[in-house]
S.K.: 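The structure under discussion is supplied below as structure tokens; questions concerning it will follow.
Everything quoted here is computed from the prediction, not taken from an experiment. Chain identifiers are assigned alphabetically (A, B, ...) following the order of the sequence lines, protein sequences preceding nucleic acid strands; residue numbering begins at 1 within each chain.
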Amino acid sequence: MVRTYALLAWTWTRAAAAYPVSFALMVVFGFALAAVDVGVILVVFANTTSLAGFTRPEVLFLYGAANIAFSSVDMCVGNIDRISQHIKAGTFDAFLIRPASTWVQTTVDRFTPTRIGRVLQAVIVLGVAMAELDVPWQRVWMVPVMIATAMVIFASLWTLAGALQFVVTDAPEVCNAFTYGGGQLSQYPFSVYGRDLVRGVTYVVPLAFINWQPGLYVLGRDDPFGTPGFLRFAGPLAALLLALLAALAWRQGVRRYRSTGS
Amino acid sequence: MWAAVAGAFTNSVFGILRAYVLIALWQARPGLAGYDVIDAVTFCFITQAFIGPMQLFGGGLTIPERIRSGDIALDLVRPASLQACSLAEDLGRAAYLLLVRGIPPTMLGALMFGIVFPTGAGQWAAFLASFLLAVLVSFAWRYLVALSVCWLTDDRGIATVSLVLTTFFSGMMVPLSIFPGWLGDLASALPWAAMVQVPADVYLGKADLADALAFQALWAAVLLGLGALATHAIRHKVVIQGG
């Protein structure tokens, strides 16, 4: 599965590299586009020293950690967004007859390596924030764990959104609310959001485990919403459950596919 | 139809997330930039309603595709201005998208958080005029971006540049009035301010009406004028592609 994915990704990368100037520009532009979100955070903190109890480096830490996961998953799995076009045109037929997993084929479909610019931007933001924060080394181990957890959560969200498109073929945009919405949500500390919203994204859709719960542990903070301490470490379990659910949904979606006739 | 409902739903979700961030900021700094919390929430949902009609995330015009496919040749030999035809099409789409994608999220915002509404017919009329001018500026800008494909052949790079400039400098993410120092002065003089910040301020009654409309009309005239020049130029420049 990994080999097939790597092979196809490399094929698309070579295709994109056929236009080297365009390739380089797209990396730079991706970087600039992601910088807009950081620009907004900086503008907000030009007006205040604390947002819902969190300082600028703390917010940038949460942003960076979530966005490394979000933008790399967007690059590697987000292509699944185009599934509705394949369903509508009936070209999903071709995916089904090839001797490779449909999930691998749809996630690598038109793989765009130039999105690496956005991952790079998030890595830099996280690095700068960590340098400013001086996180004690006993807690640093959580940072890679939370990024890996977040990757699984985002990949599962995209897969769920892709599976949903088998049902709402005419309205693929509704899926963006969950995938890109999840990315947007995790850019800020959850203490800015309403209590009910945070409850929903902790216990129903586990978006709180992208960066909020493990981030509180790294930053050595108590949860302003008073959730129990063990939740800081529940991320991997929540991600696993969501991934299982996504795998099931994807199978159901593919089973639902009826091609287009002619 | 379902696509529009999905769009309205997505707009609402993002509107709610933005609103919470702005609320947190205005709780930390009450009265920042002359807005109170309700003004800030209103700003958020009003600008969220602009996304569809003004196509703030780019797109809408089919010109880049038509340049690439070669269909643009047909558009150019028609005895009607390409710019005027595109504008007519764009205004129609703007009206539709305002109804189906703009108003529902704003209503939801009003229900969830409470927003302010203009007082009296005069302020509604002022907002409508300002909104129309904003759509004009937005069209004129996107038209220029679209025509640049004649020179660049690929539209993705320029589309991304336009997206960065439009989302950041229009006030779409955070109001321009809270940008620090010279950045704020610069941003509020650029054409993108005429798309989002100015009509939102007219809606809230925070802007001097004559100044606001004059500023928008100036940018609309400049950008439409450039568009007309570019339309003339591509007659000599356009490379007809396709078979």
Side-chain angles (χ1 to χ4, degrees), chain A residues 19 21-26 28-54 59 84 112 114 117 165 168-194 196-198, chain B residues 1-30 32-33 52 57-58 101 112-113 152-169 171-181 183-184 187:
Chain A
Y19 302 96
V21 176
S22 185
F23 188 95
L25 280 179
M26 289 306 289
V28 175
F29 291 151
F31 192 92
L33 189 60
V36 168
D37 288 328
V38 183
V40 169
I41 294 176
L42 295 181
V43 165
V44 165
F45 279 100
N47 290 285
T48 178
T49 50
S50 139
L51 187 73
F54 284 75
V59 173
S84 69
T112 319
T114 49
Q165 293 192 21
V168 291
T169 314
D170 289 328
E173 214 188 333
V174 76
C175 301
N176 290 356
F178 299 101
T179 51
Y180 287 89
Q184 175 74 31
L185 180 86
S186 51
Q187 286 186 359
Y188 288 89
F190 279 27
S191 49
V192 307
Y193 303 116
D196 291 329
L197 179 67
V198 174
Chain B
M1 177 58 203
W2 283 111
V5 174
F9 174 73
T10 308
N11 270 16
S12 307
V13 169
F14 280 88
I16 292 164
L17 295 182
R18 275 180 67 212
Y20 275 123
V21 173
L22 290 183
I23 290 171
L25 176 58
W26 259 268
Q27 271 169 354
R29 289 284 311 276
L32 179 64
F57 295 155
R101 287 193 58 164
M112 277 187 69
F113 299 96
L152 301 170
T153 56
D154 187 50
D155 66 318
R156 284 174 309 177
I158 190 80
T160 313
V161 173
S162 170
L163 179 63
V164 169
L165 291 171
T166 309
T167 46
F168 194 65
F169 285 113
M172 186 60 232
M173 314 292 273
V174 280
L176 298 182
S177 32
I178 69 165
F179 277 29
L183 190 64

S.K.: State the CG-CD distance between A:L51 and B:Q27, to the nearest 0.5 angstrom.
M.R.: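 Reported value, rounded in 0.5 Å steps: 9.5 Å.
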
S.K.: Chain B: which of A:D170, A:N47, A:V40 shares the most heavy-atom pairs with it under 4.5 Å?
M.R.: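 Counting heavy-atom pairs under 4.5 Å, the top option is A:N47.
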
S.K.: To the nearest 0.5 Å, what is the distance between CD (A:Q184) and CD1 (B:I16)?
M.R.: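 Here the rounded value is 12.5 Å.
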
S.K.: Of the listed residues (A:A177, A:A32, A:P172, A:G39), which shares the most heavy-atom pairs with chain B below a 4.5 Å separation?
M.R.: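 Ranked by contacts with chain B, first place is A:A177.
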
S.K.: What's the spacing between A:F178 CZ and B:F9 CZ if we round to 0.5 Å?
M.R.: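 One gets 4.5 Å once the value is rounded to the nearest 0.5 Å.
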
S.K.: Heavy-atom count check: over 12 atoms from other residues, nucleotides or ligands less than 6.0 Å from A:F23 CZ?
M.R.: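 Yes, the 6.0 Å shell around CZ holds more than 12 heavy atoms from other groups.
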
S.K.: Are any of the side-chain heavy atoms of A:V192 and B:I23 separated by less than 4.5 Å?
M.R.: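 A:V192 vs B:I23: side chains apart.
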
S.K.: Looking at A:L185, A:V168, A:V174, which one has more heavy-atom pairs under 4.5 Å with chain B than the rest?
M.R.: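 The candidate making the most pairs under 4.5 Å is A:V174.
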
S.K.: Heavy-atom pairs under 4.5 Å with chain B are the metric here; pick the option from A:G181, A:A52, A:P189, A:G53 that has the most.
M.R.: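 Result: the option with the highest number of such pairs is A:G181.
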
S.K.: Could you look at B:V21 and say if it's the side chain, the backbone, both or neither that has a heavy atom under 4.5 Å from chain A?
M.R.: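 Backbone plus side chain of B:V21, per the 4.5 Å heavy-atom cut-off to chain A.
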
S.K.: For chain A, find which of B:S12, B:A8, B:A24 contributes the most heavy-atom pairs closer than 4.5 angstrom.
M.R.: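 Highest number of heavy-atom pairs under 4.5 Å: B:A24.
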
S.K.: Please classify the contact between A:S22 and chain B as side chain, backbone, both or neither, with a heavy-atom cut-off of under 4.5 Å.
M.R.: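 Only the side chain of A:S22 comes within 4.5 Å of chain B.
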
S.K.: How far apart are the closest heavy atoms of A:E173 and B:G7, and which atoms are they?
M.R.: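 Answer, listing the atom of A:E173 first, then B:G7: OE1-CA, 3.4 Å.
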
S.K.: Supply the atom-to-atom distance B:W26 CH2 to A:T48 OG1, rounded to the nearest 0.5 angstrom.
M.R.: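 Separation between the atoms: 11.0 Å.
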
S.K.: Mind checking the OH-CG spacing from A:Y188 to B:L17? Nearest 0.5 Å is all I need.
M.R.: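 The CG atom of B:L17 is 10.5 Å from OH of A:Y188, to the nearest 0.5 Å.
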
S.K.: Contact part of A:L197 toward chain B, heavy-atom cut-off under 4.5 Å: side chain, backbone, both or neither?
M.R.: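 Side chain only.
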
S.K.: For a quick test of reading the model, state the closest non-hydrogen atom pair linking B:A28 to A:S50 and the distance between them.
M.R.: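 B:A28 and A:S50 have their closest heavy atoms at CB-O, 3.7 Å.
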
S.K.: Under 4.5 Å from any heavy atom of chain B, what part of A:Y19 do you find: side chain, backbone, both or neither?
M.R.: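 Neither the backbone nor the side chain of A:Y19 comes within 4.5 Å of chain B.
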
S.K.: At a 4.5 Å cut-off on heavy atoms, which part of B:V13 comes close to chain A: side chain, backbone, both, or neither?
M.R.: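 Contact with chain A is through the side chain of B:V13 alone.
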
S.K.: For B:F14, is it the side chain, the backbone, both, or neither that has a heavy atom closer than 4.5 Å to a heavy atom of chain A?
M.R.: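 For B:F14, the side chain is the part near chain A, not the backbone.
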
S.K.: Quick one: does any side-chain atom of B:T160 pair with a main-chain N or O of A:F29 as donor and acceptor, under 3.5 Å?
M.R.: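 Checking the backbone N and O of A:F29 against the side chain of B:T160, no donor-acceptor pair under 3.5 Å is found.
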
